[in-house]
J.: 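Once you've had a glance at the structure underneath, I'll fire off some questions.
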Amino acid sequence: ESGDGWKYRGRGVIQCTLKYNYAQASKDWDIDLLSNPDLLSQPDLAIRSGCWYWWKNGLNKLADANASVSQITSKINPAKLGLKEREEYYRKASSILFA
């Protein structure tokens, strides 16, 4: 519908986009995100949406299989925008977490 692109723009830590994803999250959480898409801008739901997307798209299975940052990114953002920065963040985090 006209205006849906802006209404259901990327929000949350993984940038939930598209009316379909808002509808699926609404159904899974029993929260009306279709009428209130700005709810995903609230910190608790922004993080919840990232975790939901990760789970819904089976990304833990990829991570557990040692998939690369590029492989996981392609499941979230097929254009791989920001891939170099994401890989650097991963390297930094890994050097701290797995030292």
J.: Return the SG to CZ distance between Cys51 and Arg48, rounded to the nearest 0.5 Å.
T.: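 So the SG of Cys51 and the CZ of Arg48 are separated by 10.0 Å.
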J.: When rounded to the nearest 0.5 angstrom, what is the spacing between NZ in Lys61 and CG in Asn57?
T.: 13.5 Å
J.: Give a yes or no on whether a salt bridge exists between Lys19 and Glu1, defined as a side-chain N under 4.0 angstrom from a carboxylate O.
T.: yes
J.: Looking at Lys84 and Glu87, is there a salt bridge between them, counting it only when a charged N and a carboxylate O are closer than 4.0 Å?
T.: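 Salt bridge between Glu87 and Lys84, a charged N being under 4.0 Å from a carboxylate O: no.
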J.: Just wondering, more than 12 heavy atoms not from Lys75 lying within 6.0 Å of its NZ?
T.: no
J.: Say whether, by atom type as modelled, one donor and one acceptor occur between the side chain of Asn77 and the main chain of Ala79 under 3.5 angstrom.
T.: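 The answer is yes, because a donor-acceptor pair under 3.5 Å joins these two groups.
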J.: Closest approach of Gly12 and Ser49, non-hydrogen atoms and distance?
T.: CA-OG, 3.5 Å
J.: Do the side chain of Ser95 and the main chain of Lys92 share a donor and acceptor less than 3.5 angstrom apart?
T.: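 Yes; judged by distance alone, with no hydrogens or angles, the pair exists.
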J.: Going by side-chain heavy atoms closer than 4.5 Å, which hydrophobic residues are tied to Ile14, directly or by a chain of links?
T.: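 Members alongside Ile14: Tyr8, Val13, Tyr22, Trp29, Ile31, Leu33, Leu34, Leu39, Leu40, Leu45, Ile47, Trp52, Tyr53, Trp54, Trp55, Leu59, Leu62, Ile72, Ile76.
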J.: Between the side chains of Lys80 and Ser70, does any donor sit under 3.5 Å from an acceptor?
T.: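 There is such a pair between these side chains.
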J.: Begin from the C-alpha positions of Cys16 and Arg11 and carry the test side-chain contact (heavy atoms from CB on, under 4.5 Å) through to its verdict.
T.: CA-CA 5 Å; Cys16 183; Arg11 294 182 180 89; 5.5 Å; no
J.: If you link I, L, V, M, F, W and Y whenever their side-chain heavy atoms are under 4.5 Å apart, who else ends up in the same group as Tyr90?
T.: Val69, Leu83
J.: Please name the pair of heavy atoms, one in Asn21 and one in Thr17, separated by the smallest distance, quoted to 0.1 Å.
T.: ND2-O, 2.9 Å
